[in-house]
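Here the structure comes first, spelled out in structure tokens, and everything after it is commentary.
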There are 2 protein chains.
Amino acid sequence: MAEGSGGSGHRGEDLLFLTDEQLRKGIEAMFFAYRGFTADPDRILEKHGYGRAHHRAIHFINRSPGTTVNNLLDILGVTKQSLNRVLRTLIEDGLVESRIGIRDKRERNLYLTESGRTFEEELSRAQRTRMRVAYRAAGAEAVAGFRKVLEAMMDAEMRRHFNNLKDSAP
Amino acid sequence: MAEGSGGSGHRGEDLLFLTDEQLRKGIEAMFFAYRGFTADPDRILEKHGYGRAHHRAIHFINRSPGTTVNNLLDILGVTKQSLNRVLRTLIEDGLVESRIGIRDKRERNLYLTESGRTFEEELSRAQRTRMRVAYRAAGAEAVAGFRKVLEAMMDAEMRRHFNNLKDSAP
DNA sequence: ATTTTATGTCAGTCTTGTTGACTTTCCAAG
DNA sequence: CTTGGAAAGTCAACAAGACTGACATAAAAT
């Protein structure tokens with residue numbers, strides 16, 4: 001109570017009437033859902049001695065083969081020291097290949113190796129399965145709404161990255 | 001184009017036709033949106049020298065005043081040792097009060113203090129504001145779908161916790 | 001030639017997760 | 001009643017993964 005939107009009513013037509021209670025439930029839904037969202041990959045990663053950071057790197061390298069370290073840093077929002085540690089182990093383990101850039105030799109272009117792609121498939125399949133089940137349970141209309149709200153929730157810069165990934169088939 | 005639920009056609013009535021590409025976009029949307037979701041509280045927490053773990057504890061203690069450590073452990077899904085460290089600092093700093101249980105003296109009942117509630121309000125307001133903006137941008141129908149998909153994405157046990165929190169006014 | 005950019009590395013810190021060992025309290029079976 | 005768990009919580013020590021800061025190298029840009 002004693003808060004911004006509670007009593008403010010909806011004049012016009014689209015202006016939602018949102019109680020703090022509803023907003024809090026939305027916050028809790030995000031929290032619990034995200035746990036489910038990461039649960040399956042987390043189990044797989046643990047078996048191989050990796051963590052979520054490795055998954056994120058693998059995902060986006062797979063999504064944009066040949067991407068540079070700098071671009072990955074931008075997307076993941078971590079420091080290069082942090083990413084480098086993860087990348088180094090993935091390269092040592094033969095899941096990721098780092099090729100020196102052709103046009104700009106300072107850059108490293110990152111690719112998944114054959115076994116990297118296999119691992120990515122394993123992780124992705126688990127996560128996609130949960131996503132598919134949830135989507136089917138909720139229905140087509142709900143899916144559209146889900147995506148709409150998530151996009152609106154992103155910071156502008158992240159939305160830019162998100163849209164850059166759109167329709168860029170792996 | 002080729003996005004969400006719109007283009008891909010649905011045979012039958014409920015059985016969604018979902019490409020891997022659509023599912024991957026959903027996964028990425030969750031990733032980027034969650035970053036936005038936590039960004040505002042994270043900034044506030046940092047100023048006070050706390051982390052996300054403190055926020056979670058504060059949130060659920062506020063939501064269920066008098067809750068026990070064990071119940072909190074169940075909801076947060078961490079070890080009691082991990083929660084205890086967080087709880088200890090919050091108690092030392094006078095944001096949380098821990099009262100020995102009446103019926104069972106092994107239990108500790110947790111409450112926010114006055115300043116604890118003030119801090120919770122600060123964190124919550126930031127997060128609710130982002131939520132409200134996203135909800136308004138997406139519209140009422142989208143919000144319903146958003147909630148539907150998130151609930152379907154939770155593990156069964158988390159859904160139980162989520163529903164237990166329903167309509168239990170703070 | 002000088003500066004800037006892209007990347008990688010070393011060292012050190014912090015948060016938050018883990019396991020293991022321990023205390024206090026409760027309960028129930030002998 | 002006592003005794004032996006079981007349950008709740010606390011303390012200690014360690015690991016992953018984030019961060020900052022300093023520094024190195026190579027290549028591009030000026």
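- Of the residues in residues 29-54 of chain A, those with a non-hydrogen atom less than 4.0 angstrom from any atom of DNA chain D are A:G51, A:A53, A:H54.
- Across B:N109, B:L87, B:N84, a single residue satisfies side chain to side chain contact (heavy atoms under 4.5 Å, CB included) together with B:V69, and that is B:L87.
- Counting to the nearest Å, the P atom of D:dT25 and the CD1 atom of A:I100 are 16 Å from each other.
- Side chain to side chain, A:E120 and A:H55 fail the donor-acceptor criterion of an N or O pair below 3.5 Å.
- Using a cut-off of 4.0 Å between Lys/Arg side-chain N and Asp/Glu carboxylate O, A:R35 and B:D155 are scored as not salt-bridged.
- B:H161 and A:E28 are not linked by any side-chain donor-acceptor pair at a separation below 3.5 angstrom, with hydrogens and angles left out of the test.
- A:D93 and A:T89 share no donor-acceptor pair across their side chains, judged by distance under 3.5 Å alone.
- Applying a 4.0 Å cut-off to non-hydrogen atoms, the residues of residues 66-88 of chain A that approach DNA chain C are A:T68, A:V69, A:N70, A:K80, A:Q81, A:N84, A:R88, listed by residue number.
- Classification of A:E114 and A:R117 as a salt-bridged pair holds, one side-chain N sitting under 4.0 Å from a carboxylate O.
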Got a list of side-chain donor-acceptor pairs under 3.5 Å for residues 41-48 of chain B, not counting sequence neighbours?
from, atom 1, to, atom 2, distance (Å)
B:D42, OD1, B:R52, NE, 3.3
B:D42, OD2, B:R52, NE, 3.3
B:D42, OD2, B:R52, NH2, 2.8
B:R43, NH2, B:D40, OD1, 2.7

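- For the pair A:R108 and C:dT5, the criterion of a side-chain N or O lying under 4.0 Å from OP1 or OP2 is not met.
- Computed from coordinates, the A:I91 CD1 to C:dT7 P distance equals 12 Å when rounded to whole Å.
- Between the base of C:dT5 and the side chain of A:R106 there is a donor-acceptor pair shorter than 3.5 Å.
- Each of A:R56 and A:I102 was matched to the nucleotide of DNA chain D holding its nearest heavy atom; the match closer to the 5' end belongs to A:R56.
- Atom CG of A:D104 is separated from atom P of D:dA29 by 7 Å (rounded to the nearest Å).
- Relative ring orientation between A:Y50 and A:F119 is described as tilted, the plane-to-plane angle lying within the 30° to 60° band.
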